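Note that the coordinates shown come from a computational prediction; the quantities given were computed from them, not determined experimentally. When a residue number appears, it is its place in the shown sequence, counting from 1. Order of listing sets the numbers, starting from 1, for every ligand and every atom in it.
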Amino acid sequence: MSNRFIHAADLHLDSPFVGIGTLREGLDDVMRDASLDAWDALVDCCLAEDVAFLVLAGDLFDRADGTPRGRSRVRRGIERLHAAGIRVFAIHGNHDPLSGRSPLQGLEGVTVFRKDVPTSETFEGPTGPVTVHGVSFGKREVTDNLALAFERGDAPGLHVGVLHCSLGEREGHGHYAPCSVGDLVAARMDYWALGHIHAYSEENAEPPIVYAGTLQGRSPKSGERGPHGAVVVEFEGDRVLSHRRVELDRVRFEAIDVAIDELDDEAALERELRRRAASVVAAADGRLVLLRVTLTGRGPLHEVLVRDDYLAGLRTALDDQEDAELVWERIASTAGPAVDLDDLRQSNAFAAEVLAVFDELAADPAAAEQLLEGLTASFTDSALVGLATEDPVTRLAVARDLALGLLLEQGGAA
Ligand SMILES: [Mn+2]
């Protein structure tokens with residue numbers, strides 16, 4: 001047994017991916033099994049690192065009792081860990097609150113911390129005693145500051161706190177069990193294994209207060225992109241020596257911006273897209289990459305990009321020719337026509353008057369929002385499609401460039 005443990009969180013096992021379109025044939029199985037395969041990779045990693053214990057910091061499942069497939073894979077993994085003498089410490093989070101019996105209850109080698117009040121368990125680790133403290137959510141919306149109830153106590157050796165919580169305000173995450181770094185530091189743990197925030201994040205250096213992030217990214221949203229996995233923590237006596245991330249995800253969401261300024265035609269665009277995608281795929285080390293592209297900048301290609309269904313057609317064309325490692329998940333554009341807006345503002349062209357209207361709108365967010373709703377509804381195949389989640393400023397700029405493009409590129413007014 002090595003002087004290491006692993007911290008994982010937010011596994012959401014056997015839950016569907018969110019916010020992705022229809023994928024080409026043959027990928028359903030890979031997608032369906034990604035979270036479970038990541039769990040198997042986590043178990044393999046525990047065995048390879050010969051860890052003393054594994055900490056699961058909440059949201060093991062997407063809902064209270066998980067799924068039969070999820071529970072079955074978890075049981076099999078925990079049996080493998082138990083056979084190797086690796087203990088598991090788990091808490092329940094807001095997605096899988098401990099309202100009745102835990103799906104982990106009764107499995108050998110597993111400690112499930114009770115709800116509402118932190119408790120602890122001490123055992124003899126490889127370099128002396130180890131005490132793990134934790135508390136489960138008993139319901140989805142926990143509003144109490146659970147961190148305040150943690151106490152280190154008198155036991156010698158390493159103390160690890162396990163908590164599902166919101167440190168500060170986080171966009172896109174429920175504000176549950178709110179607490180501060182100060183609250184956590186005050187509990188005098190040697191390491192805080194946190195769950196809830198899906199992007200890996202180190203909140204404090206001494207002691208380390210770490211969000212492991214979700215084991216497998218779950219959607220194309222920014223916090224779910226890039227590498228996901230767990231944290232390997234090395235300790236000695238009552239000190240944490242180091243911690244490092246390990247990548248255990250099976251499917252990876254990535255997003256890139258590609259500027260059109262230097263691209264003269266469609267062939268150049270395709271070449272550039274393939275070149276950029278190849279480097280993303282290479283960095284993913286054999287995983288399936290779901291790639292989202294945003295075309296940016298200004299150039300003559302804008303005229304092509306805004307044609308009806310062009311971007312959707314380009315995406316399909318690229319995707320159909322792709323091999324097993326890459327999915328062209330979406331291609332959107334915020335690019336504009338090859339025009340200098342400042343020059344245009346100074347000119348007498350009709351387009352200058354249109355630009356002036358958009359400049360006015362930019363100063364009046366409410367009116368802009370109203371206009372955008374109308375535009376997005378009436379131009380269902382336009383460049384505005386696929387940008388519904390972008391901020392109003394970006395969408396307004398795209399609408400402006402669409403209008404200017406129609407005047408300058410297709411209307412012959414330039
Ligand atoms: Mn959560």
Side-chain angles (χ1 to χ4, degrees), residues 6-19 34-36 38-39 42 54-67 70-71 74 88-100 102-104 112-118 133-150 160-181 183-184 192-203 209-226 228-231 245 248-249 253:
I6 286 184
H7 160 206
D10 299 280
L11 293 83
H12 295 266
L13 294 176
D14 199 30
S15 63
F17 288 96
V18 189
S35 65
L36 298 175
W39 160 258
L42 173 65
L54 166 66
V55 170
L56 301 171
D59 290 357
L60 178 65
F61 296 113
D62 202 41
R63 57 174 204 244
D65 53 352
T67 62
R71 290 195 300 272
V74 164
V88 178
F89 295 90
I91 60 171
H92 288 258
N94 58 303
H95 277 274
D96 59 350
L98 189 52
S99 42
S102 168
L104 300 177
V112 180
F113 289 101
R114 57 159 291 188
K115 66 182 179 182
D116 300 336
V117 180
H133 305 252
V135 61
S136 285
F137 275 37
K139 58 184 179 199
R140 189 179 177 90
E141 295 183 11
V142 171
T143 51
D144 296 341
N145 182 337
L146 296 172
L148 297 177
F150 278 75
V160 176
V162 190
L163 184 60
H164 204 77
C165 64
S166 299
L167 268 181
E169 291 286 345
R170 302 285 182 141
E171 203 182 326
H173 291 83
H175 197 53
Y176 304 135
C179 61
S180 69
V181 167
D183 297 336
L184 295 173
W192 272 107
L194 302 187
H196 190 47
I197 304 302
H198 283 192
Y200 172 87
S201 164
E202 203 177 315
E203 302 289 331
I209 299 176
V210 179
Y211 279 110
T214 189
L215 185 69
Q216 163 64 60
R218 303 188 64 231
S219 80
K221 285 197 302 189
S222 63
E224 311 276 352
R225 290 179 203 148
H228 281 267
V231 185
R245 296 179 74 185
L248 301 171
D249 49 350
F253 294 93

Of all the heavy-atom pairs spanning Cys165 and Ala177, show the shortest one and how long it is. CB-O, 3.2 Å
If you apply the rule side-chain contact (heavy atoms from CB on, under 4.5 Å), what do you find for His12 with Ser35, and how did you get there? CA-CA 7 Å; His12 295 266; Ser35 65; over 6 Å; no
Keeping waters out of it, list the protein N, O or S atoms under 2.8 Å from the Mn ion (ligand 1). Asp59 OD2, Asn94 OD1, His164 NE2, His196 ND1
Check: Ala147 main-chain N/O paired with Asn145 side-chain donor or acceptor under 3.5 Å: yes
Rounded to the nearest 0.5 Å, the CG atom of Asp10 sits from the CG atom of Asn94 at a distance of 8.0 Å
N/O donor-acceptor pair under 3.5 Å between Ser136 side chain and His92 backbone: yes
The ring-ring contact (aromatic ring centres under 6.0 Å, His included) partners of Tyr211 (sequence neighbours excluded) come to none
